[in-house]
Amino acid sequence: MTAREQFGAYTVLRAHDPLGPQPAAGQFYMLSAPERWGGGEGERPFLARAFSVLRAPGGSHELHFLLEVVGPGTRRLCELGPGDQLNLLGPLGSGFRPPREGRAPLLVGGGVGIAPLAIWQDQLGPSIPVLVGFRDHAHARGAAVLSEPVLATDDGSAGHHGPVTELLIGELERAAQIEVYACGPPAMLEAVRALCADAAVPAQLALEAPMACGYGACFGCVAPTRSGYVRLCVDGPVLDAAELEAVIR
Amino acid sequence: MTAREQFGAYTVLRAHDPLGPQPAAGQFYMLSAPERWGGGEGERPFLARAFSVLRAPGGSHELHFLLEVVGPGTRRLCELGPGDQLNLLGPLGSGFRPPREGRAPLLVGGGVGIAPLAIWQDQLGPSIPVLVGFRDHAHARGAAVLSEPVLATDDGSAGHHGPVTELLIGELERAAQIEVYACGPPAMLEAVRALCADAAVPAQLALEAPMACGYGACFGCVAPTRSGYVRLCVDGPVLDAAELEAVIR
Amino acid sequence: MSAADECGGVAFCGLRLAHPIINASGTFDAIAARRAFGDELLRRIPFAAFVTKTVTLAARPGNPPPRLWELPGGLLNSIGLPNKGLPGFLERDLPELRELPLPLIVNVMGSSLREFVLLVEALAGREEVAALELNVSCPNVKTGLDIGAVPRALNSLVARVRPLSDKPLIVKLTPNTTDVAATARAAEEAGADAVSLINTLRGMALSPGSTEPWLGGVTGGVSGPAIRAVALAQVYAVRAAITLPIIGMGGVQSGQHALDLRRAGANLVAVGSESFRDPAAASRIAAEVGSLRVSTQEIPQTATFSTR
Amino acid sequence: MSAADECGGVAFCGLRLAHPIINASGTFDAIAARRAFGDELLRRIPFAAFVTKTVTLAARPGNPPPRLWELPGGLLNSIGLPNKGLPGFLERDLPELRELPLPLIVNVMGSSLREFVLLVEALAGREEVAALELNVSCPNVKTGLDIGAVPRALNSLVARVRPLSDKPLIVKLTPNTTDVAATARAAEEAGADAVSLINTLRGMALSPGSTEPWLGGVTGGVSGPAIRAVALAQVYAVRAAITLPIIGMGGVQSGQHALDLRRAGANLVAVGSESFRDPAAASRIAAEVGSLRVSTQEIPQTATFSTR
Ligand SMILES: Cc1cc2nc3c(=O)[nH]c(=O)nc-3n(C[C@H](O)[C@H](O)[C@H](O)COP(=O)(O)OP(=O)(O)OC[C@H]3O[C@@H](n4cnc5c(N)ncnc54)[C@H](O)[C@@H]3O)c2cc1C
Ligand SMILES: Cc1cc2nc3c(=O)[nH]c(=O)nc-3n(C[C@H](O)[C@H](O)[C@H](O)COP(=O)(O)OP(=O)(O)OC[C@H]3O[C@@H](n4cnc5c(N)ncnc54)[C@H](O)[C@@H]3O)c2cc1C
Ligand SMILES: Cc1cc2nc3c(=O)[nH]c(=O)nc-3n(C[C@H](O)[C@H](O)[C@H](O)COP(=O)(O)O)c2cc1C
Ligand SMILES: Cc1cc2nc3c(=O)[nH]c(=O)nc-3n(C[C@H](O)[C@H](O)[C@H](O)COP(=O)(O)O)c2cc1C
Ligand code: FES
Ligand code: FES
């Protein structure tokens, strides 16, 4: 761990990974703390936790992650400070693919789901538009990790008052010119999927599922697709929206 | 927790217990830390741990304990510092009984077993003789909790070179005038028991056994006596040597 | 206590209990606890009914020590059912236990059908006794396992002792079985009034650095959080199989855990190993169940114990 | 690797293994791991033999999600044996798995005697396959339980498939039974070459704040440290009952745990859930076993364990 920063309700952890490969946007790591994490004595958290790469500044060998505390694992990780060890396994999974010929990327994020959009924007360029939705003002402060985000909040405390998908609807007028990249809670992703499907806009969705291993060993992280269950850790987490009947749960 | 002090290989923990009753010498408490101790998530240490009262200065509502780190429970407790909460249940068990008519107390301790002898000496008076044995110099520094201890060490680094029972043998010349109070490892207690039995000297032995509850609920802490198994937490930990065939384990 | 008020009373086999939390057999000795904590215990006993440790016909010394081993999330015990035997229980323990302001459930175990008959007959007429629990599931004693794990044998046992007493008859099922629903059905068909589960899972530990078993009893029983998921599965399976009331137990440490067992089908919930960690744990758990049920933020006052 | 050098080789059913640590079926997908970690995996695979996830006759999608729930000291899974089915396995997986520089053990499960026969027949002639493991113990699939828990049924099954193949036949016993020694004896008498245990214990979790089961498959299997003491007891009981080699597993997280299982009677030790926490865990464990053996002189050399 090299640094820990707070962005409203979110925590950014920075870690030094001198030997690891450069991750692609949309890939993730399994993180755990070496102490007070299972470690032979069996407490919960027991399994490592999955986190998208927020940012991996070229040449720095640094990895940044954006965390929201929702349970014992995220709580424990957010206690770590500079100098503490952080166990990491990755990069894992397959990330975002470049947009189809003739289409410009449009990024859409909800809550902590903005994480993979930051590294994607780093690669695509800071002027790539990104629409982001948050619960409230404290969460909206997380938008600071992005370049020129267009904001929406559920409670109207910052930006557009309403779900981020209302912002997306406006953009779908350019249906023939865009490709959507989205990450966020299931309900948001399902709304994005349905809107894009109706507008015939291709979309790449970064999904989530509870993961025990992150490298295809447990078959625990499946999502239903048109061709059956797929393991999100090896066949995702980014899936083409066309593969999905719906984003569930 | 009000203070933590180091005596060589031993740690003294002081805790404030404003509402608790005054413990008797030889009684014990079950101690645990409120955090990182089972607490709904199931790590080890899971059960509380038993510790003799080292000292309970009258009127101070303070309890002192002497700990040697031997595993996860003692390690965790010795991490606590002033201001940290300490869970305690007690005083538990029955302590030392006064010496029989016409006999003067002689205290004999081994290692961390000196703990209950300190509070007993506090009550009986600082001139009561106490013989103590330790592994080596670092452990012998624990003797500082006693008043005018006569020392023995296994490696000869302090005091008599040999087991504390060799010091006891000399004292047994006054067989008709003394009553022995002993606490220490099983092998030492067994030697004390056998020597006292041979010399017809009454002895009270503070025994140990792994304890799950400390208040008679689990039947886990039994020691074999002439009248069958007894629970050390409620029928001890101090037993009359005459009740024992031998101190085992 | 306030937990009881908030929960409202609970009916169980004709008994009226203040709240749904009782103790698990063998994990709380009210007589020893009264010695340790004084008469205050009688007023503040954290359970809504008191279950005795298993009583056998003849006195038993229990297993040689060591009897305990700590596990990740629990403990392993081979206590071996030490008890004074039926005559000792009737003469020495029962007079003390009747002073508890609670319904008394006596847990018994025989090493043969005949012993079970003698035990039930002897207790049938004691008005101090509110209900009987048959331990057919203790993993440390061969007979318990055999009877409790074979539906046919269990049916015969329960059918044989059923007519001997009007008192509610609770059958404590063994968890070390392939199909706990089948044994629950056997108990129901034979006329049991309730079942309780789960007892401990058979487990073992080796002495550090040796091939010798650590426990004096060689194998022991696993209890505590480590068995909670197994308990939930078995209670759920039994609830689907029978309509009798169920006493659920296994790794309960909080009101949430108790509520989960109730949601899985238990009517009462017993607290076992958690009482070792805190003698007042059941009181806290009952209060938590109460507040979870009425969904209030305020945690009622719970009992704590101090020794005198 | 050094673990192998320090341990010396291990003989198991005629196979020569570099060390005594293998993977538990269904807890390591070598094909997916190679995609994730690259060809380096082939050189650094932490096991001394590779056991496949259970293969069934027809392809199975597995259970609906959620499939995982974390426990104090372990996890609960209801994966539901997703796999490509026998034809898919032979065509797509086997060519990739044969590239592993390790003996390959194929784990199979049928939903009937006939399916088991077809599975064993189909694999009997494949020289890529070093041994077969019969999964008669998966708690998520009804048939597995039924056959594996009834000694007579298990005996018939093993006796029926035994003549179909010269390959070592390992029977993976169910732990959800009253008497695992009886099922082990049934497997031995029917001609099995080894047994493996324990599979997961049946467990369950509820969705937070609801009476609905959390897992898509309703109940699941408990694995990890929470079941370690149960595994030790069952391996010990089986060792006392049979002379066949045993593959012990359940909650192994360290060389000490592996050594404990060996001391209780296991010849090989399989690492399961711990690999989820760290894909190289088995490699560390093998190294720890090696160094523990060297430094602990009093441990007797077993027949199956010789230095080369
Ligand atoms: C590919 C991927 C990328 C991700 N990227 C990010 C990211 O960049 N930033 C981020 O903050 N998060 C990210 N997540 C989510 C993150 O992994 C989870 O928030 C984290 O695992 C939660 O762990 P926890 O221990 O804090 O909470 P948990 O206690 O595990 O709770 C999380 C949820 O799990 C359920 N739950 C509760 N108890 C249990 C239990 N015992 N067993 C199983 N489930 C339970 C509940 O629904 C609960 O709300 C990502 C997930 C995936 C799969
Ligand atoms: C009445 C009484 C008074 C005591 N007074 C004192 C005192 O004043 N000062 C003091 O320092 N100590 C005292 N003790 C001893 C103290 O309780 C133990 O040292 C303590 O419980 C050790 O806990 P641990 O977690 O540190 O070590 P543990 O890991 O519990 O190890 C202690 C020993 O237990 C065994 N062990 C190892 N693993 C396990 C396991 N999983 N389950 C069970 N046993 C295991 C081993 O033999 C090991 O050496 C007293 C004990 C009693 C009963
Ligand atoms: C130390 C100990 C002693 C026990 N003694 C008995 C007993 O005498 N009779 C009985 O029926 N169950 C006995 N049990 C089993 C408990 O009643 C209970 O079924 C089991 O411990 C599971 O609950 P828990 O996880 O809350 O402890 C005992 C359990 C423990 C831990
Ligand atoms: C996610 C998961 C999937 C499993 N799949 C299988 C399987 O397909 N076939 C099988 O025989 N056992 C399966 N098992 C059981 C393991 O092989 C092993 O018996 C059990 O997990 C105990 O070992 P552990 O505690 O080290 O995980 C699975 C276990 C887990 C946790
Ligand atoms: S997390 Fe284990 S297979 Fe995906
Ligand atoms: S420690 Fe539980 S009875 Fe003594």
Side-chain angles (χ1 to χ4, degrees), chain C residues 69-76 139 145-146 148-150 174-180 183 200-215 218-222 224-237 240 251 253 256-257 259-265 292, chain D residues 69 71-76 139 145-146 148-150 174-180 183 201-215 218-222 224-237 251 253 256 259-265 292 296 298-300:
Chain C
W69 179 257
E70 196 178 48
L71 300 175
L75 79 155
L76 181 64
L145 257 185
D146 291 348
V150 182
T174 173
N176 298 300
T177 176
T178 310
D179 188 357
V180 70
T183 53
T200 54
L201 299 183
R202 225 170 312 146
M204 185 172 171
L206 294 183
S207 297
S210 101
T211 55
E212 290 301 304
W214 169 261
L215 296 172
V218 183
T219 61
V222 180
I227 68 169
R228 197 186 303 141
V230 175
L232 210 60
Q234 295 208 353
V235 166
Y236 189 83
Q253 299 190 287
Q256 186 61 57
H257 301 153
L259 211 60
D260 279 354
L261 277 175
R262 282 171 58 89
R263 285 174 171 151
L292 286 168
Chain D
W69 179 258
L71 299 175
L75 80 155
L76 181 64
L145 257 184
D146 291 347
V150 182
T174 173
N176 298 300
T177 176
T178 309
D179 188 358
V180 71
T183 53
L201 300 183
R202 226 169 312 145
M204 185 173 171
L206 294 182
S207 297
S210 101
T211 55
E212 289 302 305
W214 169 262
L215 296 172
V218 182
T219 61
V222 180
I227 68 169
R228 196 186 304 140
V230 174
L232 209 60
Q234 296 207 354
V235 166
Y236 188 84
Q253 297 190 289
Q256 185 60 57
L259 210 60
D260 279 355
L261 276 175
R262 283 174 54 91
R263 286 172 170 154
L292 284 168
T296 317
E298 84 265 19
I299 302 160

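Below, chains carry the letters A, B, ... as their sequence lines are ordered, and counting in each starts from 1. Computed from heavy atoms alone, side chains included, the values below leave out hydrogens, waters and symmetry copies.
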Q) Of the backbone (N, CA, C, O) and the side chain (C-beta and beyond), which part of Pro213(D) lies under 4.5 Å from a heavy atom of chain C, both, or neither? A) side chain

Q | Part of Val218(D) within contact of chain C (heavy atom distance under 4.5 Å) | A | side chain

Atom [atom1] of [X] and atom [atom2] of [Y]: how far apart are they, to the nearest 0.5 Å?
| X | Y | atom1 | atom2 | result |
| --- | --- | --- | --- | --- |
| Met204(C) | Gln234(D) | CE | CD | 12.0 Å |
| Asp179(D) | Thr177(C) | CG | OG1 | 11.0 Å |
| Thr211(D) | Arg262(C) | OG1 | CZ | 13.0 Å |

Write down the atom of [X], the atom of [Y], and the distance for their closest heavy-atom approach.
| X | Y | value |
| --- | --- | --- |
| Thr178(D) | Ala149(C) | CG2-CB, 3.3 Å |
| Arg228(C) | Pro72(D) | NH1-CG, 3.9 Å |
| Leu232(D) | Leu206(C) | CD2-N, 3.8 Å |

Q | Which atoms of Val230(C) approach chain D - backbone, side chain, both or neither, heavy atom under 4.5 Å | A | both

